[in-house]
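In each ligand, atom 1 is the first atom listed, and ligand 1 is the first ligand listed.
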Amino acid sequence: MIYFDHSSTTSVRPEVRRVYSQMLENQYGNADSLHTLGRNVHQLMEKSRENIANMLKVLPSEIIFTGCASESNSLAIIGYALANKHRGNHILVSNVEHPSVTNSVEFLKQFGFEIEYLPINERGIITPELVQSRMRKDTILVSTMHVNNEMGAINPIQEISKVVHRNPTCAYHVDCVQSFTKIDVPFHCIDLATISAHKIHGLKGSALLMKKKNIQLMPLIQGGQQEQGLRGGTENAPANIALAKTIRLALEEQAVVYDKVSKINQYLREEISKIPGSHINSKEEALPYILNISFDAITSEVLLNALDQKGICVSAKSTCSSHQRNYSSTLVAMGYSEKIATHMIRLSFGKDNTMKEAQTFIEACKEIINNYGLSL
Ligand code: PLP
């Protein structure tokens, strides 16, 4: 099997699996229990939090363990807005966010929040100038993803942050799910950052929200004092403990894997552009882990299924919206035609992909277009 769908999810590293299963076997105590078993788990989990904080160069108290990035995004946006309503009710968000962001801001409308969507430009990014032009005195929150999950476009986080922070009562939330451990994330200039473990060879059901210490949130899950009272419920200590290892191993490999996927990406760009009626939709400057392409001769769905039959996994659009519209709204927002948007597939690479797999993919595409392609 050839797996080119790492932006949807990734395999779990054996080292992470080992830590997790050791925890399940030996350290099943409740991190809040006062006996030895509970205290041991608590200690291991707090050590993990400390290690993660060191890697992100933030404080341990700024790491909130959650169950998925969707939860982190919801807590960041709804939690922040509800706790800071007295400061203003205007929220800026990009128009190509993950549904966990867009649905969170839409949910806030019933509480009187005014949501303004920032359009990405033709390169797929939000410019600081645009943010500047839409900032108001009552803007309390700006939310943009770091790397776009369909195109790999990279938002200029540091520059946007400068604009956001000219307003001292405004916070900046960044969904770093597709960027973390692939490129450097400037955590020092972000107030709230979302990270997911299963996108970086960690466990499903494991994620975190980085929340700077001066940022107030309203909890979404009411319960005990876990996670500073921001997330009630017995903590998933085994997953939270495995997360430090997941992050450490991914960061250690960041440069090597970046180089590897860049070469695969470059090779595919060259070979795909030789196929008549092909389009490389991801811009040259995009994150090399994501390559969005279209062929005039074949729709997304037909190509995805034909590749699947050959044992090649790709995405037709981001997985979370794959059961909704049949075209990519990100491509349309970037100004691509509806045809390109309905014909697009997303390839997303990971540490184990090889050049040989890229060559097999090219041969498979040529064959499929020959067999099933529409005559142009
Ligand atoms: N944000 C982005 C940019 C994503 O790509 C995804 C998943 O594809 C999510 C959030 C949600 O991640 P999770 O599955 O951990 O909730």
Peer 1: Of all the atoms in ligand 1, which lie at a distance below 4.0 Å from a heavy atom belonging to K199?
Peer 2: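 What qualifies from ligand 1 is 6 (C), 7 (C), 8 (O).
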Peer 1: Within ligand 1, which atoms have a heavy atom of M145 less than 4.0 Å away?
Peer 2: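 Those atoms are 3 (C).
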Peer 1: Is the closest basic N to carboxylate O distance between R49 and E46 below 4.0 Å?
Peer 2: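 Answer for the salt bridge query: yes.
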Peer 1: Just which atoms of ligand 1 are under 4.0 Å from any heavy atom in A69?
Peer 2: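 Taking each heavy atom of A69 in turn, ligand 1 has 10 (C), 11 (C), 12 (O), 13 (P), 15 (O), 16 (O) under 4.0 Å.
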Peer 1: For N149, counting its heavy atoms only, list the atoms of ligand 1 lying under 4.0 Å from any of them.
Peer 2: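 In order of numbering, the contacting atoms are 5 (O).
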Peer 1: Run the numbers for me: atoms of ligand 1, each under 4.0 Å from some heavy atom of S196, listed by number.
Peer 2: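 Answer for ligand 1: 15 (O).
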Peer 1: Is E106 salt-bridged to K109, cutoff N-O under 4.0 Å?
Peer 2: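 Salt bridge present between E106 and K109.
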Peer 1: Report the part of Q178 (side chain from C-beta onward, or backbone N, CA, C, O) that has a heavy atom under 4.0 Å from ligand 1; answer both or neither where that applies.
Peer 2: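 The part of Q178 near ligand 1 is the side chain, not the backbone.
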Peer 1: Who pairs with E357 by side-chain contact (heavy atoms from CB on, under 4.5 Å), at least two apart in sequence or on another chain?
Peer 2: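 side-chain contact (heavy atoms from CB on, under 4.5 Å) list for E357, sorted by chain: I2, F4, N353, T354.
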Peer 1: Using a plain distance cutoff, I'd like to know if S100 has any nitrogen or oxygen under 3.5 Å from a nitrogen or oxygen of ligand 1.
Peer 2: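 No, there is no polar N/O contact under 3.5 Å.
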Peer 1: Heavy atoms only: which of E71, K204, H98 is nearest to atom 4 (C) of ligand 1?
Peer 2: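 Looking at heavy atoms only, the winner is H98.
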Peer 1: Between E253 and R13, is the closest basic N to carboxylate O distance under 4.0 Å?
Peer 2: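 Here R13 pairs with E253 in a salt bridge, since their nearest N and O are under 4.0 Å apart.
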Peer 1: Out of all atoms in ligand 1, which are within 4.0 Å of some heavy atom of H198? Include the element for each.
Peer 2: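 In order of numbering, the contacting atoms are 13 (P), 14 (O), 15 (O).
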Peer 1: Quick one: does Y3's side chain get under 4.5 Å of T9's, heavy atoms only?
Peer 2: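 SC-SC contact between Y3 and T9 confirmed.
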Peer 1: For H90, give me all partners under side-chain contact (heavy atoms from CB on, under 4.5 Å), at least two apart in sequence or on another chain.
Peer 2: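 H90 satisfies side-chain contact (heavy atoms from CB on, under 4.5 Å) with L92, E114, E116, R136, D138, T139 only.
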Peer 1: Within the supplied structure, the quantity of interest is the number of heavy atoms (other residues, nucleotides, ligands) at a distance under 6.0 Å from Y372 OH; does it exceed 12?
Peer 2: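 Result for OH/Y372: open.
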